[in-house]
Amino acid sequence: MSDVQTIGRIFDIQRYSIHDGRGIRTIVFLKGCVLRCRWCCNPESQRYEIETMQTQDGVKTMGRDVTVGEVLETVERDRGYYRRSGGGITLSGGESLCQPKFALALLRESKARGISTAIESMGCAEWETIRELLPYIDQYLLDIKHTNPDKHREFTGKSNELMLENARKIAESGLTELTVRVPVVPTFNASEEEIAGIARFADSLPGVKGIHLLPYHRLGQDKYAGLGREYSMAHIVPPDNELMAKLLSAAQSNCKLHCQIGG
Ligand code: SF4
């Protein structure tokens with residue numbers, strides 16, 4: 001099967017994003033994730049199965065099967081913006097690595113058409129899967145959530161060992177531009193000690209472009225109700241500016257990388 005005919009499952013395409021890679025980007029959200037982060041703002045991304053979600057505008061079907069060619073029809077509409085801003089396509093989710101054939105075909109076909117590519121991912125897959133994709137990824141926005149395996153498991157459902165190992169392999173490959181992104185979540189990792197630990201780890205990887213601290217928000221809360229699920233973070237207050245400034249400073253004083261708040 002050719003790349004354009006390869007079928008995958010997505011739940012959204014968002015145009016004109018400026019926070020998920022360089023320039024103006026079109027984000028393709030792939031369905032399915034191996035983690036169950038308590039703070040996840042896209043709970044409709046987690047299950048691979050197509051499901052329904054109650055929204056303000058009625059019941060919506062989350063998930064549809066599409067070909068790479070169909071996705072790129074939408075992506076191609078914004079070529080002018082990509083050219084002027086240095087933007088392109090970003091694969092997000094969910095975890096795009098859960099649909100490796102589709103992700104590979106989408107990235108490879110985008111590159112063949114001269115469209116810049118990025119992926120938002122926490123690197124939770126067999127190394128072979130990631131290695132195959134790397135030559136077709138211009139920017140890898142890699143989530144690192146915690147340095148402690150037990151804490152990671154408690155809040156996401158899985159230990160972090162494979163992800164940290166893959167982070168090192170991605171960096172050492174030199175095949176893509178790597179940026180580390182940290183969701184900053186109170187009661188989980190929003191302490192100077194933990195952010196300093198992540199910064200030191202990122203600094204130990206070769207060639208990392210920078211660290212983005214992304215403050216936890218509650219924008220996904222209503223989606224849980226819409227899916228008939230409980231939102232266990234309702235009592236967690238998002239980090240305020242003062243705390244974020246402190247954490248930024250902790251990151252900066254523990255690495256030589258460019259650190260910033262937001263993507
Ligand atoms: S890795 Fe991302 S998409 Fe998956 S559960 Fe965590 S926050 Fe949600």
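Atom set for the values below is all heavy atoms of this structure, side chains included, hydrogens, waters and symmetry mates excluded. Both ligands and their constituent atoms are indexed starting at 1 by order of listing. Note that the structure is predicted; figures quoted are calculated from it, not measured.
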query: Taking only heavy atoms of S45, which atoms of ligand 1 are found under 4.0 Å from at least one of them?
result: 3 (S)
message: List the residues meeting ring pair (Phe, Tyr, Trp, His ring centres under 6.0 Å) with Y224, not counting sequence neighbours, and say none if there are none.
response: Y231
field: Electrostatic pair E177:R22 at N-O distance under 4.0 angstrom
entry: yes
- prompt: Is NZ or CZ of R9 both nearer than 6.0 Å to the six-membered ring centre of Y48 and within 45° of the ring axis?
  reply: yes
message: Could you check whether H146 and F188 have their ring centres less than 6.0 Å apart?
response: yes
Donor-acceptor pairs under 3.5 angstrom involving side-chain atoms of residues 237-250: please list them, not counting sequence neighbours.
{"unit_1": "D240", "atom_1": "OD1", "unit_2": "E242", "atom_2": "N", "d": "3.3"}
{"unit_1": "D240", "atom_1": "OD1", "unit_2": "L243", "atom_2": "N", "d": "2.9"}

- request: Among residues two or more places apart or on two chains, list those pairs meeting salt bridge (charged side-chain N to carboxylate O under 4.0 Å, His left out) that have a residue in residues 88-97.
  value: none
- line: CE (M163) and CD1 (I130) are apart, to the nearest 0.5 Å, by 10.0 Å
message: Starting from atom 3 (S) of ligand 1, what is the nearest protein heavy atom, named by residue and atom, and what distance separates them?
response: G94 N, 3.4 Å
task: Could you name all protein N, O or S atoms found under 2.8 Å from atom 6 (Fe) of ligand 1?
output: C37 SG
